[in-house]
Amino acid sequence: MSLKTFSCRVFLNFFNHGVVALNKPLHARHAAAVLGRSSARDYYNSGEPRDTGAGRAARVRVVDLRSDTVTKPGAAMRTAMAEAEVGDDVMGEDPTINELQKIAAGMFGMEAALFVPSGTMSNLIAVMVHCRERGDEMIVGDLSHLHIYEQGGSAQLAGVHATTVTTLPDGTFDLEQLESKIRHGYPDPHYPRSRLICVENTQNIQGGRVMPLPFLQQVRAIADKHGLSVHMDGARVMNAAVAQGVHPSTIMQHTHTVSVCLSKGLGAPVGTMLAGPKDFISRAVRCRKALGGGMRQAGILAAAGKLSLLEMVGRLEEDHLNAKTFAQALLHCDPPLFTVDMAAVETNILRFRLQEPTLSPSEFCARMAQVGEGEETALGQGIQVLMYPHFGNSVRAVWHLGISPEDTQLAIQKMQFVASQFSKEKIRAQ
């Protein structure tokens, strides 16, 4: 099935069933003041909640661009969850989970799939199954989520050693460097044994970059040549499929296994699908149980996952468009404070930098997250835009189903207001 047919089907389902009201505004609750150092390792430091005050709450809008993990299930998804048929999944008797796993396997072009609680657990299970002996080695990008943000679980819990290749700005890595990292000395007792190559698609830290299909094909060829497996951390691989205009299986055919998150842009509250060959999934079930991921009547969660895969994929294109709209506004901001590589804005994640050395990413995010003096008069309301200081002295913003085109325009208004106020303060200080 082509992605054109695939996207049309999910778009029709989306509009026919009204999974989420995209234009519903996000009203003020408690806005997080985003403070902290601009570092990849401080990515999840969101600071303390900031109370907008009871008297002002009705006039403040919140646009939450911290992550696509903040999405909430819509009415249709909640109804599906409430009405889900359930059973004991550890016994293989939850019909909704069984159906979700069949849907995912078919969509991904894999023999089988397994529903697990989180992407971190899914990646760890994949490493445990591929690297069967303690002391085996996997090759990962040095800026990969698996290497940076998953607490070193592969070493901590699985006893698997990681060696890294340099993550390039487009999210790929040099293939010669990759091949040079493969060990050839086994069973020499001095060295670990190379077992696995891990790729990430889309690449998070580098700004939601899409892995080119020829790159994935070449990685697979290297793995096959040396008897290694390829695992894809595909937390946002559906964004990649939409951006490339291909069916997800076109991407995943170049991997042995894949982990696909349901609770980011696809809008489910919980869950990740791990897919691969039947014997791989059989071993993965055992690892899931050992890690505490064996759930019982979890069909209420799988029901949300079914809607995510069947009805929420096509709408990811809107998130990509909104991210590009905001990126263009940064480039046209007066005064010119921002630098953006538009060629790198491929999906729903935007990374940008500030040209002004006296305005740090942390301070910019703090200004965006608070209602500034004179803002309500100038803009007609207070607008709090939540985003994170990020890797490489940059700022990261992520679009998702909770952010409409109207919300994007509000974020642009706030960005322009913050830039204008900063410029005026700088002039006054001279």
Side-chain angles (χ1 to χ4, degrees), residues 40 43-44 67-69 104 108-110 113-131 137-155 157-158 160 162-168 170-173 178 195-213 215-216 219-220 223 228-241 243-244 248-249 251-266 271-276 280-281 284 287-288 291 293 346-349 391 398:
Y43 174 74
Y44 290 102
S67 176
D68 45 9
T69 60
F108 304 161
M110 299 287 183
L114 182 67
F115 182 57
V116 300
S118 72
T120 295
M121 182 182 286
S122 182
N123 283 334
L124 178 56
I125 290 171
V127 172
M128 292 173 70
V129 176
H130 286 299
C131 302
E137 184 174 71
M138 64 178 181
I139 304 171
V140 299
D142 63 345
L143 297 182
S144 65
H145 192 282
L146 200 155
H147 185 60
I148 299 288
Y149 295 130
E150 298 181 14
Q151 206 185 106
S154 297
L157 301 174
V160 174
T163 189
T164 61
V165 289
T166 303
T167 304
L168 301 176
D170 67 353
T172 66
F173 30 80
L178 169 65
R195 285 284 202 180
L196 178 65
I197 300 170
C198 297
V199 295
E200 184 178 332
N201 194 15
T202 62
Q203 215 290 335
N204 178 4
I205 285 181
Q206 297 292 34
R209 299 307 300 268
V210 177
M211 296 301 98
L213 294 176
F215 167 75
L216 295 175
V219 170
R220 176 60 182 267
L228 276 63
S229 297
V230 177
H231 172 68
M232 176 179 287
D233 175 0
R236 297 180 177 88
V237 72
M238 304 309 260
N239 292 87
Q244 291 177 314
S249 61
I251 297 173
M252 299 174 197
Q253 67 178 321
H254 302 302
T255 70
H256 294 89
T257 58
V258 65
S259 172
V260 181
C261 188
L262 304 175
S263 62
K264 293 186 170 67
L266 298 182
T272 289
M273 302 308 302
L274 177 62
F280 170 89
I281 294 299
C287 293
R288 182 185 69 173
L291 294 173
E346 297 180 309
T347 55
N348 65 320
I349 300 177
F391 172 83
V398 186

>> Does Arg236 form a side-chain contact (heavy atoms from CB on, under 4.5 Å) with Asn201? I'd like the steps, not just the answer.
In response: CA-CA 6 Å; Arg236 297 180 177 88; Asn201 194 15; over 6 Å; no
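- Here the side chains of Leu216 and Met232 are in contact, with some heavy-atom distance below 4.5 Å.
- Tested against Asp142, the residues Thr163, Thr166, Thr167 include a single side-chain hydrogen bond (donor to acceptor under 3.5 Å, both in side chains) partner, Thr167.
- Side chains of Met138 and Thr164 form no contact here, defined as non-hydrogen atoms less than 4.5 Å apart.
- A donor-acceptor contact under 3.5 angstrom links the side chains of Glu150 and Asn123, judged on distance only.
- The ring-ring contact (aromatic ring centres under 6.0 Å, His included) check on Phe173 picks up Phe215, with sequence neighbours excluded.
- Side-chain contact between Leu266 and Met238 is present, with heavy atoms from C-beta onward closer than 4.5 Å.
- Annotation: the span from Asn239 atom CG to Thr347 atom OG1 amounts to 5.5 Å, rounded to 0.5 Å.
- Using a 4.5 Å heavy-atom threshold, the side chains of Arg195 and Ser229 count as separate.
- Listed for the Thr255 side chain is no donor-acceptor partner under 3.5 Å among the backbone atoms of Val258.
- Using modelled atom types, one finds a donor on one side chain and an acceptor on the other under 3.5 Å when comparing Asp68 with Asn348.
- The shortest side-chain heavy-atom distance between Cys198 and Asp233 does not fall under the 4.5 Å cut-off.
- His130 and Thr257 share a side-chain donor-acceptor pair at under 3.5 Å.
- The salt bridge (Lys or Arg N to Asp or Glu O under 4.0 Å) pairs that include a residue from residues 117-127 number zero, where partners must be two or more places apart or lie in different chains.
- Heavy atoms only, all atoms of each residue included: Glu200 and Ser144 are closest at OE1-CA, 3.2 Å.
- Rounding to the nearest 0.5 Å gives a distance of 6.0 Å between CD1 of Ile125 and CG of Leu114.
- The structure places CD of Gln203 at 10.0 Å from CG of Leu168, a figure rounded to the nearest 0.5 Å.
- Between the CZ atom of Arg288 and the CE atom of Met128 there is a distance of 13.0 Å, given to the nearest 0.5 Å.
- Ser154 and Leu146 get closest at one heavy-atom pair: OG-CD2, 3.9 Å.
- Between Leu274 and Phe115 the shortest side-chain heavy-atom distance does not fall below 4.5 Å.
- The two residues Gln244 and Pro212 come nearest to each other via the heavy atoms NE2-CA, 4.0 Å.
- Pairing each heavy atom of Cys131 with each of Leu196, the nearest pair is SG-CB, 4.0 Å.
- Taken from CG in Leu228 to CD in Glu137, the straight-line distance is 9.5 Å, to the nearest 0.5 Å.
- Atoms CG and CG, from Leu143 and Asn204 in turn, are 10.0 Å apart once rounded to the nearest 0.5 Å.
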> Passes side-chain contact (heavy atoms from CB on, under 4.5 Å), Val237 versus Phe108? Steps please.
Replying inline: CA-CA 10 Å; Val237 72; Phe108 304 161; 5.9 Å; no
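- Judged by distance alone, the side chains of Ser122 and Ser259 do bring a donor and an acceptor atom under 3.5 Å apart.
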> Hey, mind stepping through Met211 and Thr172 against side-chain contact (heavy atoms from CB on, under 4.5 Å) and telling me if it holds?
Replying inline: CA-CA 7 Å; Met211 296 301 98; Thr172 66; 4.0 Å; yes
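- Side-chain contact between Ile139 and Val165: present, with at least one pair of heavy atoms (C-beta onward) separated by less than 4.5 Å.
- Nearest heavy-atom pair, Cys261 versus Thr272, reported as atom, atom and distance to 0.1 Å: CA-OG1, 3.7 Å.
- The pair Arg209-Glu346 meets the salt-bridge criterion, with a side-chain N (NZ, NE, NH1 or NH2) lying under 4.0 Å from an Asp/Glu carboxylate O.
- Val219 approaches Ile197 most closely through the heavy-atom pair CG1-CG2, 3.9 Å.
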